[in-house]
J.: 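Questions regarding the structure given below will be posed in turn.
Not measured: the values here are computed from a predicted model. These values consider heavy atoms only, across backbone and side chains, with no hydrogens, waters or symmetry-generated copies.
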Amino acid sequence: MEAGAPPAPRCALEPRAPLEPGPAALAALAALFGLVCGCFGYRCFKAIMFLSGLLFGSTVIFLLCYKERVLETQLSLEASAGIALGIGLLCGLVTMLLRSVGLFTTGLLLGLLLATAALVAAAPVLPPPSPWVPAGSLLGLALLCALLALQWPKALTVLSTAVFGAAVVVVCADYFVETLALVLYIYDRLRLAPAGPLCWHSWVVLGAWPALSLLAVLLQWKLTADGFSHTDVVLSRRQKRLQLLRIRQKEAKRRQSLAPPEGTYRRKPPPVKRYAGDVLAPSYIRSLRDRQQESGSAPGPAAAPDADRGSTAPPPRRHP
């Protein structure tokens, strides 16, 4: 046992006091969310991007507001939580709308979880000599996984959601079994504080993390994420936009080719020339009718319609 470590706990599974209904309900909802995230993480791509941004933004801002003095004022727990939640929501919207930023934060989350598991597993055998070792390990592995997520988005997203979902389920199980004794042990190991030994059932809960992660990865890769790719969706949308843009460019070029070039004038067609005998005047037709009535000869049936329509036929000649 380490120097200054707390005494070993009693590892017998004894009946405990009943849990409070509020935190117990939240833990049950969190466990359900962890199952959904681990089994359908890649399908819920936008939700996972939003969640990763929300977690990072809220955690960082909460630590800054609650642990440090802001504007020469020590904020309360409620005020720090409210500020962290508001800024976390903004970060979640940014990671959801910007795909590359969301993938980067998802890779960061995966790296932090893997580095935490490695440090906790190696701490009893090889305790880190300096606090910079855990900090460097967390930061280095987080950045490595973030860059790998940008290179292979589907594989790293499936792995990240599986590991994160399994971690949420394990934390909720630890709350119901030992009221977050495992979480406190991990926290003490990361900050190099003396930590007491864990009971056997805590090690069972901790060992369920890699097993659940492996099952979630297999489930997503073989069933829920099989034949589905968000990268193809993004590429198809871009291809549709490019096709529409090309169609519009072709229509614009066709219109320009049909339109006359600037500085040129179209030649007007020549006017139709008319002669004096093309159209008979109404007065001439009227005088012709009067002469026919005076001479006693009625106009023929074919002459009247022609006269009414302004016929262009020449008038009949009278013989002496």
J.: Partners of Y185 by side chain to side chain donor-acceptor pair (under 3.5 Å), sequence neighbours excluded?
T.: R189

J.: Work out which heavy atom in F176 is nearest to a heavy atom in A28; give both atom names and the distance.
T.: CZ-N, 4.1 Å

J.: For residues F45 and L103, determine if any side-chain heavy atom of one lies less than 4.5 Å from a side-chain heavy atom of the other.
T.: yes

J.: Less than 4.5 Å apart, any side-chain heavy atom of C91 and any of F56?
T.: no

J.: Could you list the donor-acceptor pairs under 3.5 angstrom formed by side chains in residues 138-148, with sequence neighbours left out?
T.:
none

J.: T59 side chain to L55 main-chain N or O, any donor-acceptor pair under 3.5 Å?
T.: yes

J.: Do L150 and L97 sit in the same hydrophobic cluster, where Ile, Leu, Val, Met, Phe, Trp and Tyr count as joined when their side-chain heavy atoms come under 4.5 Å apart?
T.: no

J.: My understanding is that only residues two or more places apart in sequence, or in another chain, count here; which of them pass side chain to side chain contact (heavy atoms under 4.5 Å, CB included) with C172?
T.: A30, A31, V168

J.: With rounding to the nearest 0.5 Å, note down the distance linking CD1 in I48 to SG in C37.
T.: 3.5 Å

J.: Just so I know, are the side chains of F50 and L89 near enough to count as touching, which here means a heavy-atom distance under 4.5 Å?
T.: yes

J.: Can you name the closest pair of heavy atoms from L113 and W209 and give their distance?
T.: O-CH2, 3.6 Å

J.: So if you build clusters from Ile, Leu, Val, Met, Phe, Trp, Tyr with side-chain heavy-atom gaps below 4.5 Å, do L212 and W203 land together?
T.: yes

J.: Where do A173 and V205 come nearest, in terms of heavy atoms and distance?
T.: CB-CG1, 4.4 Å

J.: Show every donor-acceptor pair shorter than 3.5 Å between a side-chain atom in residues 104-112 and any protein atom, with sequence neighbours excluded, or say none if there are none.
T.:
unit_1	atom_1	unit_2	atom_2	d
T105	OG1	S52	OG	3.0
T105	OG1	V101	O	3.2
T105	OG1	G102	O	2.8
T106	OG1	G102	O	2.8

J.: Restricting to non-hydrogen atoms, name the atom on A162 and the atom on S213 that form the minimum distance, rounded to 0.1 Å.
T.: CB-O, 3.7 Å

J.: Does the side chain of F33 come within less than 4.5 Å of L51's, by heavy atoms?
T.: yes

J.: Find the distance between CD1 (I61) and CG (L90) and round it off to the nearest 0.5 Å.
T.: 10.0 Å

J.: Between M49 and M96, what is the shortest heavy-atom contact and its length?
T.: CB-CA, 3.9 Å

J.: So, for L85 and S58, which heavy atoms are closest and what is the spacing to 0.1 Å?
T.: CA-OG, 4.2 Å

J.: Measure the spacing between CG of L114 and OG of S160 and express it to the nearest 0.5 Å.
T.: 8.5 Å

J.: Connecting only ILVMFWY residues whose side-chain heavy atoms lie within less than 4.5 Å of each other, what is the rest of L32's hydrophobic cluster?
T.: none

J.: Can you list, pair by pair, the side-chain donor-acceptor contacts under 3.5 Å of residues 214-223, counting residues two or more places apart and other chains?
T.:
unit_1	atom_1	unit_2	atom_2	d
Q220	OE1	Y42	N	3.0
Q220	NE2	G38	O	2.7
Q220	NE2	T161	OG1	3.0

J.: Are V158 and L35 linked, directly or through other ILVMFWY residues, by side chains that come within less than 4.5 angstrom of each other?
T.: yes

J.: State whether the number of non-hydrogen atoms from other residues, nucleotides or ligands found under 6.0 Å of F40 atom CZ is greater than 12.
T.: no

